[in-house]
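Step one of this worksheet: look at the structure below.
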Amino acid sequence: MAAGAHGISEDDKRRSTRMAARAFAGVAVFAAAFIAVCLGIGALAGPRQVADTVQLSAVEQQDPFYVLLIGSDSRKGTALYTGKASDHAQVDQHSDVITLVRVDPASYQITLVTVPRDTVLPGESSKINDTLVNGDPMETVNAVQRLTGVEIDYYMMTTFTEFENFIDALGGVTVDVPATVKVPDPSTAEDVTVQKGQNRHLDGSETLVFARARKEYADNQDAVRQANVRQIEAAIFRNVLNMPNESDIDQALVSLKRNTSTNLDMSKVGYLAVDFALHKDDVTLYSCTGPYTGDVNSSGLWVVDQNSQAWEDLMAAVDSGSDPSGIVEGPAMP
């Protein structure tokens, strides 16, 4: 099933275009690991139009690189919005989901690293998720660079409603739900319950609820939530690789552009997905968390002080392409 960047037959080109579109369509905010892979794949000759609003073109990159996934908690545009500055996340926004993604296009390896949102950098009083208050994702990128010591070239950000819309465009995701959770859906302000169980197929609303829920967990509430977020990311990734129908691909391409903000060059992503799609059996996906143990500070806020040595050990493994999953033990699931 292999095809190189040169000497491809017309049949292979048509097949590759379909596969590129399929891969491209599946890359949402929490599948930016996949979109990052696409950016690293060797070039194919010439641009090709696959959707009215997406022009695919070629790029070459083989070195590993990083993408930061950001989930905003802004209530604007949702049924939860009140406009009152005194209400949480009504005027300001926070990066409540922060996942650092390393992509190695040469080895088809992806590593997802949770950056705990309550982390406080040395010499600073605010949490790392406060870096999105001014609405500039690059402030979050810069903070994560200081925390992890790696250069982050790209970011992809989404909001509640954008994320929900894109999950629906993909046809939902299948995940293991460790505990029954109930959280208001921001789109309707109505409670949505997601029942505990393995291989639960969730639509956009249910996936968003699963990604947001934390108070249902007795210990390490946000660490468990972030583990669930990484599970969603991996589920979207699997969804992409196994997308059975091509009729909705063009619509998904448009949905991707509509429901994310990013500094990725979207015109290059589709063709860059071809090599990855053709080598899906060679892909390795690692998932881990950064140091998350915290305590209540003098202001009564739960904070996670930066553990410099733990981050150094973790990122040394991540940056070398090793499996980092056992370096910082994740929280016990309920």
Side-chain angles (χ1 to χ4, degrees), residues 19 22-38 67-71 96-103 108-114 156-181 183 185 192-214 216-217 222-245 248-249 252 255-256 259-260 273 276-277 280-289 325 330-331 333-334:
M19 296 186 75
R22 178 182 294 115
F24 184 88
V27 184
V29 56
F30 293 114
F34 178 60
I35 210 171
V37 167
C38 300
V67 180
L68 191 68
L69 315 185
I70 302 171
D96 272 5
V97 169
I98 310 173
T99 304
L100 180 63
V101 182
R102 179 186 184 268
V103 179
Y108 304 102
Q109 183 186 97
I110 303 168
T111 305
L112 309 177
V113 183
T114 287
M156 181 173 279
M157 184 171 76
T158 196
T159 64
F160 289 151
T161 55
E162 289 172 341
F163 174 66
E164 187 173 316
N165 290 341
F166 196 86
I167 293 296
D168 282 334
L170 289 179
V173 295
T174 300
V175 295
D176 294 337
V177 180
T180 298
V181 297
V183 178
D185 178 354
V192 172
T193 299
V194 178
Q195 296 291 338
K196 176 181 178 179
Q198 294 185 333
N199 297 319
R200 297 296 313 279
H201 190 77
L202 310 182
D203 62 18
S205 175
E206 293 167 329
T207 304
L208 180 59
V209 164
F210 181 51
R212 295 185 62 213
R214 60 184 177 87
E216 286 83 352
Y217 310 124
D222 202 65
V224 173
R225 182 174 73 92
Q226 298 288 358
N228 290 338
V229 167
R230 295 197 311 277
Q231 188 184 173
I232 293 169
E233 294 166 355
I236 298 173
F237 183 78
R238 291 192 300 270
N239 198 4
V240 171
L241 294 181
N242 298 293
M243 189 177 291
N245 301 313
D248 294 330
I249 288 177
S255 179
L256 176 63
N259 292 307
T260 61
F276 177 77
K280 64 180 182 179
D281 292 336
D282 298 324
V283 173
T284 301
L285 176 64
Y286 293 134
S287 176
C288 65
T289 182
S325 56
M333 302 304 286

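Hydrogens, waters and symmetry mates play no part in the numbers below; they use all other heavy atoms, side chains included. As the structure is a computational prediction, the values presented were derived from the model and not from experiment.
Residues passing the side chain to side chain donor-acceptor pair (under 3.5 Å) test with T114, sequence neighbours excluded: R230. Residues that satisfy the side chain to side chain donor-acceptor pair (under 3.5 Å) test with S205, not counting sequence neighbours, are D185. Evaluation of the side chain to side chain donor-acceptor pair (under 3.5 Å) rule for S325 yields D323 as partners, not counting sequence neighbours.
In terms of heavy-atom proximity, T207 sits nearest to F163 at CG2-CZ, 3.7 Å. Counting all heavy atoms, side chain and backbone alike, F160 lies closest to R212 at CZ-NE, 3.7 Å. Contact between A211 and I232 at its shortest, heavy atoms only, is CB-CD1, 3.7 Å.
Remark: N259 CG to T161 OG1 distance equals 7.5 Å, nearest 0.5 Å. In this structure, OG1 on T174 lies 5.0 Å from NE2 on H201, to the nearest 0.5 angstrom. The CG atom of N165 lies 11.5 Å from the CG atom of L170; values are rounded to the nearest 0.5 Å.
Here the side chains of M333 and N228 are in contact, with some heavy-atom distance below 4.5 Å. Within the 4.5 Å cutoff, the side chain of L69 has heavy atoms near those of the V67 side chain. At least one side-chain heavy atom of L285 sits less than 4.5 Å from a side-chain heavy atom of L112. At a threshold of 4.5 Å between non-hydrogen side-chain atoms, the residues E206 and V192 count as touching. Annotation: side chain of V183 is in contact with side chain of E216 (closest heavy-atom distance under 4.5 Å). Side-chain contact check for D203 versus D168: some heavy-atom pair is nearer than 4.5 Å. Side-chain contact between L202 and L208 is absent, with no heavy-atom pair separated by less than 4.5 Å.
Checking each of R200, Q198, K196 against D176 for a side-chain contact (heavy atoms from CB on, under 4.5 Å) leaves exactly one that passes, namely Q198.
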Test E233 against T99 for side-chain hydrogen bond (donor to acceptor under 3.5 Å, both in side chains), laying out the working first. CA-CA 10 Å; E233 294 166 355; T99 304; 2.8 Å; yes
Derivation and outcome, side chain to side chain contact (heavy atoms under 4.5 Å, CB included), residues I236 and I167: CA-CA 8 Å; I236 298 173; I167 293 296; 3.6 Å; yes
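Taking the ring axis of Y286 as reference, the NZ or CZ atom of R102 does not stay both within 45° of it and closer than 6.0 Å to the ring centre.
No donor-acceptor pair under 3.5 Å is formed between the side chain of E164 and the backbone N or O of T159.
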